[in-house]
Asker: 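Okay, here's the structure, questions in a sec.
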Amino acid sequence: MSEPEANPEPLDFVRQIVEDDNTSGKWQGKVHTRFPPEPNGYLHVGHAKAICLNFGIAAENGGLCNLRFDDTNPEKEDVEYVESIKEDIRWLGFDWEDRLFFASDYFEQLYEWAEQLIRDEKAYVCSLPLEEIRSGRGTPSEPGTDSPFRTRSVADNLDLFHRMRAGEFEEGEHVLRAKIDMSHQVMLLRDPIMYRIRKVEHHRTGDKWCIYPTYDFTHGQSDSIEGITHSICTLEFENRRPLYDWYCEYLKIHHPQQIEFNRLNLTYTLMSKRRLLELVNSGFVSGWDDPRMPTISGLRRRGYTPQSIRNLCATVGVTKHNAVTDMVVLENQIREELNQTADRRMVVLDPLKVVITNYPEGESEELDAVNNPEDASAGSRKVPFGRELFIEREDFMEDPPRKFFRLGPEREVRLRWAYFLKCNDVVKNDAGEITEIHCTYDVDTKGGNAPDGRKVKATLHWVSAAESVPLTVRLYDHLFVTEDPDDTEDESGSWQDNLNQDSLKTLTAQAEPSLAAAEAGYRCQFERKGYFVVDQDSTTDERVFNRIVTLKDAWARAKKKK
RNA sequence: AACCCGAUAGUGUAAUGGUAACACAACAGAUUUUGGUUCUGUUAUUCCAGGUUCGAGUCCUGGUCGGGUUGCCA
């Protein structure tokens with residue numbers, strides 16, 4: 001009766017926990033997750049993994065996923081970030097429906113809970129200066145010492161805490177601390193800070209508050225208020241789980257389970273919001289959405305699709321050990337998608353003039369070119385052909401090495417969708433540089449096939465010199481020259497030393513006319529060169545194309561090996 | 001020298017005590033009007049030492065290596 005299932009997709013360890021909980025009835029079959037960004041920067045592809053995980057698990061289990069901003073540090077946060085984060089999540093294809101929340105909406109409740117802990121003698125106002133709180137905490141191997149204010153009466157604590165809120169004290173004069181254990185082996189449990197005084201305007205609450213709760217005193221309770229079942233976060237919060245549990249336990253509130261997974265890292269880039277902000281501020285990149293940035297907005301502008309990013313997140317897996325995924329895994333996702341869906345177009349990035357000496361002067365014709373060999377429904381288009389063309393400079397060599405299949409003196413190649421072409425002569429300037437080449441074409445090979453069955457070893461892309469249109473093309477490369485930005489030559493070096501100074505090259509290319517009217521966001525393949533997208537900087541006079549990714553290039557690889 | 005977490009081909013993951021596998025990368029070949037795509041094949045893996053067991057990547061003990069913890073950041 002019960003046939004074994006045909007290779008069920010293996011569950012990652014987080015999904016396994018969720019499934020086990022559903023089986024045991026731990027949460028009565030309920031699954032409720034959340035994605036809790038701090039609005040202090042733009043989302044990056046590492047966040048995409050968390051988004052896919054949280055929204056994905058909810059969807060797969062008939063549950064819900066909230067969007068909650070963890071906005072407890074007004075000094076670094078801003079509405080600009082709130083809006084960009086919402087846009088990026090929507091663009092990725094996820095929907096929080098009516099469940100948009102802010103931790104700052106819970107400030108009043110949090111304040112009451114703080115009072116409750118004071119009354120329960122689980123919290124106290126500590127009036128030690130910052131340095132003394134730090135030194136009093138000890139080190140991982142030596143216990144800390146109790147604050148002299150640890151024994152303050154409940155009445156005094158309540159009074160002081162109220163006056164903190166009322167703004168009677170300056171920043172740093174007092175903090176509220178949990179009373180746990182100053183000699184605990186887990187440093188975090190040595191009377192952690194719950195509230196600090198910050199006389200700073202908050203992007204949502206304005207000047208209503210001058211005391212702000214810390215992450216630890218906010219996050220678990222926010223989860224609790226929202227009825228979260230599985231609080232999924234990254235590995236660096238592992239150490240904080242005891243405190244998450246402590247607050248839920250002593251507050252006697254709904255207690256979600258925190259589960260930590262490994263964040264996404266990619267080679268040749270970095271995922272630190274602080275460092276990405278530095279890159280933006282330094283001007284090395286044009287902004288958070290610079291197409292070299294690993295931000296969602298950067299990848300979007302680079303031409304990546306939501307599907308390609310979701311596919312990456314599905315591919316990398318979810319475990320508990322620090323992993324670095326090769327950038328080519330991301331690149332392959334967009335290549336795979338665009339190979340199926342993108343139009344092919346001919347664009348010459350580095351033009352070399354070709355004169356076809358046996359083509360009648362003053363004449364031209366239109367040839368049929370297939371739009372996408374992977375998709376017959378994409379149809380075909382007309383491309384103009386004439387006596388003078390441009391081909392890619394690197395597709396011609398006067399003295400070709402052994403494995404070079406492209407054009408050379410007395411060699412014959414195919415012009416894509418056009419004719420066979422043979423080179424007869426090379427014209428140079430005084431400096432010895434090739435300025436143009438003279439060729440003849442075989443009129444019987446129209447469309448690219450020889451009736452006599454002869455073969456050529458290469459097919460080149462080309463454009464008509466008279467009818468091509470100029471395009472601004474931005475060639476992007478890795479942000480860093482090393483796989484690991486921190487891998488500096490000497491120890492005094494910094495990650496900035498590894499920035500790729502050649503990560504952006506701008507040039508003017510010659511394109512077939514059909515590209516003159518391409519609209520922002522249009523993606524296509526420049527045949528033999530890569531996938532490109534029209535950038536938002538385009539104007540009616542100037543089309544700007546960003547290179548999303550190159551094609552795989554066996555010839556380039558062979559050259560590099562030598 | 002304290003505590004927490006981790007370790008499986010080059011990279012990322014699977015194997016839920018029972019034949020170590022998949023994807024990407026690399027390499028070789030076939031096909032090809034993109035040196036693209038597609039197809040075929042090859043190379044290569046359980047950190048170490050003990051223990052439990054008929055049987056250990058998986059369980060136990062010890063070690064090694066890596067990451068994290070000493071913010072009034074999240």
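What you see is a predicted model, and the numbers here were worked out from it, not measured in a lab.
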Asker: Using a 4.0 Å heavy-atom cut-off across all strands, classify A:Leu338 as base, sugar-phosphate, or nothing.
Answerer: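 Since no nucleic acid heavy atom lies under 4.0 Å of A:Leu338, the category is nothing.
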Asker: For a quick check of understanding: with a heavy-atom distance under 4.0 Å over all strands, which category does A:Thr218 fall into, base, sugar-phosphate or nothing?
Answerer: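 Touches nothing.
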Asker: May I ask you to say what A:Val456 touches in the nucleic acid, namely base, sugar-phosphate or nothing, with a heavy-atom cut-off under 4.0 Å?
Answerer: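 Since no nucleic acid heavy atom lies under 4.0 Å of A:Val456, the category is nothing.
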Asker: Please name the residue in the list A:Arg406, A:Arg454, A:Lys457 that meets the salt bridge (Lys or Arg N to Asp or Glu O under 4.0 Å) test with A:Glu412.
Answerer: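 Testing each of A:Arg406, A:Arg454, A:Lys457 against A:Glu412, the sole residue satisfying salt bridge (Lys or Arg N to Asp or Glu O under 4.0 Å) is A:Arg454.
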Asker: Could you tell me how far B:rG68 sits from B:rA26 if I compare only their P atoms? Round to whole Å.
Answerer: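 Roughly 31 Å separates the two P atoms.
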Asker: Check every atom of B:rA2, B:rG35, B:rA74 against the side chain of A:Asn73 and return the nucleotide holding the closest atom.
Answerer: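 Side chain of A:Asn73 sits closest to B:rA74.
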Asker: Compare every heavy atom of A:Arg196 with every heavy atom of A:Pro213, then report the nearest pair and how far apart it is.
Answerer: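 That would be O-NH1, 2.6 Å.
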Asker: Between A:Asp326 and A:Asp71, which has a closest nucleotide on RNA chain B that is more 5'?
Answerer: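 The answer here is A:Asp326.
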Asker: Given 3.5 Å as the limit, does a donor-acceptor pair link the side chain of A:Asn54 with the main chain of A:Ala50, or not?
Answerer: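 Indeed, once roles are kept as given, a pair shorter than 3.5 Å links the two residues.
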Asker: Measure from NZ on A:Lys457 to C1' on B:rU34 and round the result to the nearest Å.
Answerer: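 A:Lys457 atom NZ is separated from B:rU34 atom C1' by 17 Å.
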Asker: How close or far is atom P of B:rU37 from atom CD of A:Glu374, stated in whole angstroms?
Answerer: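 About 9 Å, once rounded to whole Å.
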Asker: Under 3.5 Å, is there a donor-acceptor pair between the side chain of A:Thr214 and the main chain of A:Ile193?
Answerer: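 A pair under 3.5 Å: yes.
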Asker: Rounded to the nearest Å, what distance is computed from the CZ atom of residue A:Arg528 to the C1' atom of nucleotide B:rU37?
Answerer: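 Nearest whole value for this atom pair: 15 Å.
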Asker: B:rU13 phosphate, OP1 or OP2: any side-chain N/O from A:Thr319 under 4.0 angstrom?
Answerer: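 Yes, A:Thr319 has a side-chain N/O under 4.0 Å of OP1/OP2 on B:rU13.
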Asker: Would you call A:Glu527 and A:Arg345 a salt bridge, using N to O less than 4.0 angstrom?
Answerer: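 Judged by the 4.0 Å cut-off on N to carboxylate O distance, A:Glu527 and A:Arg345 do not form a salt bridge.
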Asker: Provide the distance between the two C1' atoms, one in B:rG67 and one in B:rC47, to the nearest whole Å.
Answerer: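 B:rG67 and B:rC47 have their C1' atoms separated by 16 Å.
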Asker: Kindly check if the number of other-residue, nucleotide or ligand heavy atoms within 6.0 Å of CD (A:Glu336) is above 12?
Answerer: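 Atom CD in A:Glu336 is not crowded, with 12 or fewer foreign heavy atoms closer than 6.0 Å.
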Asker: Under 4.0 Å: is that the gap between some side-chain N or O of A:Thr72 and OP1 or OP2 of B:rA74?
Answerer: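 Looking at the OP1 and OP2 atoms of B:rA74, one of them is under 4.0 Å from a side-chain N or O of A:Thr72.
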Asker: What is the distance, to the nearest angstrom, from the CG atom on A:Leu264 to the C1' atom on B:rU11?
Answerer: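 For the pair A:Leu264 CG and B:rU11 C1', the rounded distance is 13 Å.
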Asker: Work out how far the P atom of B:rU16 is from that of B:rA21, and round it to whole angstrom.
Answerer: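 My reading of the P atoms in B:rU16 and B:rA21 gives 14 Å.
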Asker: Describe the nucleic acid contact of A:Arg335 in one word from base, sugar-phosphate, nothing, applying a heavy-atom distance below 4.0 Å.
Answerer: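 Result for A:Arg335 = nothing.
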Asker: What I want to find out is whether A:Arg381 reaches A:Asp343 closely enough, with some N-O distance under 4.0 Å, to be called a salt bridge.
Answerer: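 A salt bridge is absent here (no side-chain N lies under 4.0 Å from a carboxylate O).
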Asker: Can you see if the side chain of A:His321 gets near the phosphate of B:rU13 - specifically, an N or O under 4.0 Å from OP1 or OP2?
Answerer: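 A:His321 to B:rU13 OP1/OP2: side-chain N or O found under 4.0 Å.
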Asker: Has A:Tyr215 got its ring stacked on the base of B:rA74, with centres under 5.5 Å and planes less than 30° apart?
Answerer: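 Stacking between A:Tyr215 and B:rA74: absent.
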Asker: Whole Å only: how far is the CG atom of A:Leu266 from the P atom of B:rU11?
Answerer: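 From A:Leu266 CG to B:rU11 P: 16 Å.
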Asker: Can you check the A:Phe161 CZ to B:rC72 C1' distance for me, whole Å?
Answerer: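 In whole Å, B:rC72 C1' and A:Phe161 CZ are 13 Å from each other.
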Asker: Under a 90° cut-off about 0 for the syn range, is B:rG71 syn or anti?
Answerer: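 Base orientation relative to the sugar is syn.
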Asker: In dot-bracket form, how is RNA chain B paired, counting a Watson-Crick or G-U wobble pair only if both its distances are under 3.5 Å and using | for bases paired to another strand?
Answerer: .((((((..((((....[..)))).(((((.......)))))....(((((..]....))))))))))).....
Asker: Under 3.5 Å, side chain of A:Lys179 to main-chain N/O of A:Arg150, donor-acceptor pair present?
Answerer: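 Here the side-chain-to-backbone pair exists.
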Asker: Any ion pair linking A:Asp368 and A:Lys382 (charged N to carboxylate O, less than 4.0 Å)?
Answerer: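 Answer for the salt bridge query: yes.
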Asker: Using atom names, set out every protein N or O paired with an N or O of nucleotides 18-24 of chain B below 3.5 Å, distance rounded to 0.1 Å.
Answerer:
from   : atom 1 : to       : atom 2 : distance (Å)
B:rC24 : O3'    : A:Asn332 : ND2    : 3.0

Asker: Could you write nucleotides 57-71 of chain B as a row of B, S and -, 5' to 3', where a protein heavy atom under 4.0 Å of any base atom gives B, of only sugar-phosphate atoms gives S, and otherwise -?
Answerer: ----------SBSBS
Asker: Between A:Arg190 (side chain) and A:Asp146 (backbone), is there a donor-acceptor pair under 3.5 Å?
Answerer: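 No, because the side chain of A:Arg190 does not come within donor-acceptor range (under 3.5 Å) of the backbone of A:Asp146.
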Asker: Determine, for A:Phe102 and A:Arg204, whether the Lys NZ or Arg CZ falls below 6.0 Å from the six-membered ring centre while staying within 45 degrees of the axis.
Answerer: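 Judged by the rule (NZ or CZ under 6.0 Å from the ring centre, within 45° of its axis), A:Arg204 counts as positioned above A:Phe102.
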Asker: Students often get this wrong, so: under 4.0 angstrom with heavy atoms, is A:Pro37 touching a base, only sugar-phosphate, or nothing?
Answerer: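 Nothing, no heavy atom under 4.0 Å.
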Asker: Of A:Val324 and A:Phe404, whose closest RNA chain B nucleotide lies nearer the 5' terminus?
Answerer: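 Of the two residues, A:Val324 wins.
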Asker: Counting the atoms with a prime plus P, OP1 and OP2 as sugar-phosphate, which does A:Tyr419 contact under 4.0 Å by heavy atoms, base, sugar-phosphate, or nothing?
Answerer: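 No contact.
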Asker: Using atom C1' in both nucleotides, what's the gap between B:rG71 and B:rU64 to the nearest angstrom?
Answerer: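 Looking at atom C1' only, B:rG71 and B:rU64 are 32 Å apart.
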Asker: Find out whether the Lys NZ or Arg CZ of A:Arg165 is both under 6.0 angstrom from the six-membered ring centre of A:Trp209 and within 45° of the ring's axis.
Answerer: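 A:Arg165 over A:Trp209 ring: yes.
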Asker: For B:rG51 versus B:rG10, give the span between their P atoms, rounded off to a whole number of Å.
Answerer: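 Between the two P atoms, the distance is 29 Å.
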Asker: Using a 4.0 Å heavy-atom cut-off across all strands, classify A:Glu142 as base, sugar-phosphate, or nothing.
Answerer: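 It contacts nothing in the nucleic acid.
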Asker: Under 4.0 angstrom, heavy atoms only, what part of the nucleic acid is A:Tyr195 near: base, sugar-phosphate, or nothing?
Answerer: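 Nothing: the residue A:Tyr195, judged by heavy atoms under 4.0 Å, touches no strand.
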Asker: Categorize A:Asn262 for me: base, sugar-phosphate, or nothing, with a 4.0 angstrom heavy-atom threshold over every strand shown.
Answerer: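 Counting heavy atoms under 4.0 Å across all strands, the contact made by A:Asn262 is with sugar-phosphate only.
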Asker: The side chain of A:Leu551 lies closest to which of these nucleotides: B:rU34, B:rA14, B:rA74?
Answerer: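 Minimum distance to the A:Leu551 side chain belongs to B:rU34.
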Asker: Which part of the nucleic acid, if any, lies within reach of A:Gln525 when heavy atoms closer than 4.0 Å are counted: base, sugar-phosphate only, or nothing?
Answerer: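 Base: the residue A:Gln525, judged by heavy atoms under 4.0 Å, touches a nucleobase.
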Asker: Rounded to the Å, how far apart are A:Phe149 CZ and B:rC72 P?
Answerer: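 Spelled out: CZ on A:Phe149 to P on B:rC72 is 16 Å.
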Asker: Mind checking A:Leu415 for me? I need base, sugar-phosphate or nothing, with any heavy atom below 4.0 Å counting as a touch.
Answerer: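 Answer is nothing: A:Leu415 stays at 4.0 Å or more from every strand.
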Asker: Between A:Arg557 and B:rA26, does any side-chain N or O lie under 4.0 Å from OP1 or OP2?
Answerer: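 For B:rA26, OP1/OP2 do have a side-chain N/O of A:Arg557 under 4.0 Å.
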Asker: What is the distance, to the nearest angstrom, from the NZ atom on A:Lys529 to the C1' atom on B:rG35?
Answerer: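 Checked: the NZ to C1' distance equals 11 Å.
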Asker: Which nucleotide in the set B:rG36, B:rG12, B:rC5 lies at the smallest distance from any side-chain heavy atom of A:Lys320?
Answerer: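 Nearest to the side-chain atoms of A:Lys320, counting from C-beta on, is B:rC5.
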Asker: Taking any heavy-atom pair under 4.0 Å as a contact, classify A:Arg274: base, sugar-phosphate, or nothing.
Answerer: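 Touches nothing.
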Asker: For A:Phe405 and A:Trp555, what are the C-alpha separation, side-chain angles and deciding distance, and is it a ring pair (Phe, Tyr, Trp, His ring centres under 6.0 Å)?
Answerer: CA-CA 10 Å; A:Phe405 302 146; A:Trp555 170 239; 7.2 Å; no
Asker: Less than 4.0 Å between a side-chain N and a carboxylate O, is that true for A:Arg68 and A:Glu226?
Answerer: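 Between A:Arg68 and A:Glu226 there is a salt bridge, with a charged N closer than 4.0 Å to a carboxylate O.
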Asker: Thinking salt bridges, do A:Glu168 and A:Arg163 make one under a 4.0 Å N-O criterion?
Answerer: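 Answer for the salt bridge query: yes.
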Asker: For B:rA7 versus B:rU45, give the span between their C1' atoms, rounded off to a whole number of Å.
Answerer: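 Here B:rA7 and B:rU45 have their C1' atoms 13 Å from each other.
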Asker: Does the base of B:rG35 carry an N or O that pairs as donor and acceptor with the side chain of A:Arg406 under 3.5 Å?
Answerer: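 Answer is yes: a donor-acceptor pair is held.
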